[in-house]
Amino acid sequence: MATPSTTPAVVEVSGFNEHLVTECDAKDKFSQCPRCKDVVLTVDLEEHITDNTCAAPKGGKDASVCPLCRTVVGPEEEVKTLLVCLV
């Protein structure tokens, strides 16, 4: 679980990005990148998109990116990888 710095809510890591753009009290400050699907501060979105490191996850349509360590993980690897980045 993660505690966003902009809200006192406790959020499960796998739902952290979704929380930031849909449920968070500060959701107006966050946007989802249309290319890599990462969630960034809206004021940083343009710079994020033009950054050469921003790209669609390489792992197929079911791949996702860990919101803590930014590692691309497949659907079956998600929990395992998230546990590794928390240690």
Side-chain angles (χ1 to χ4, degrees):
M1 289 195 242
T3 303
S5 60
T6 57
T7 178
V10 175
V11 179
E12 188 174 325
V13 172
S14 63
F16 185 69
N17 283 344
E18 183 177 350
H19 166 79
L20 289 177
V21 295
T22 61
E23 302 169 343
C24 183
D25 291 340
K27 67 183 175 186
D28 295 337
K29 295 181 180 183
F30 296 96
S31 295
Q32 186 174 42
C33 174
R35 184 176 18 191
C36 72
K37 307 302 182 209
D38 197 5
V39 174
V40 296
L41 288 169
T42 301
V43 297
D44 297 333
L45 182 61
E46 186 175 332
E47 180 180 345
H48 170 83
I49 291 172
T50 59
D51 185 356
N52 290 334
T53 61
C54 173
K58 296 176 178 98
K61 65 178 184 166
D62 294 328
S64 58
V65 178
C66 172
L68 300 178
C69 66
R70 305 293 188 234
T71 300
V72 176
V73 293
E76 63 280 339
E77 298 175 292
E78 187 170 1
V79 174
K80 178 182 172 186
T81 304
L82 290 177
L83 291 175
V84 169
C85 77
L86 289 172
V87 176

* **Heavy-atom neighbours of Gln32 CD exceed 12 at 6.0 Å** => yes
* Per the side chain to side chain contact (heavy atoms under 4.5 Å, CB included) rule, which among Val43, Val40, Val39, Leu45 passes with Phe30? -> Val39
* Asked: Has Glu46 got more than 12 heavy atoms of other residues, nucleotides or ligands less than 6.0 Å from its CD?
  -> no
* To do: Working to the nearest 0.5 Å, report the span between SG of Cys36 and NE2 of His48.
  => 3.0 Å
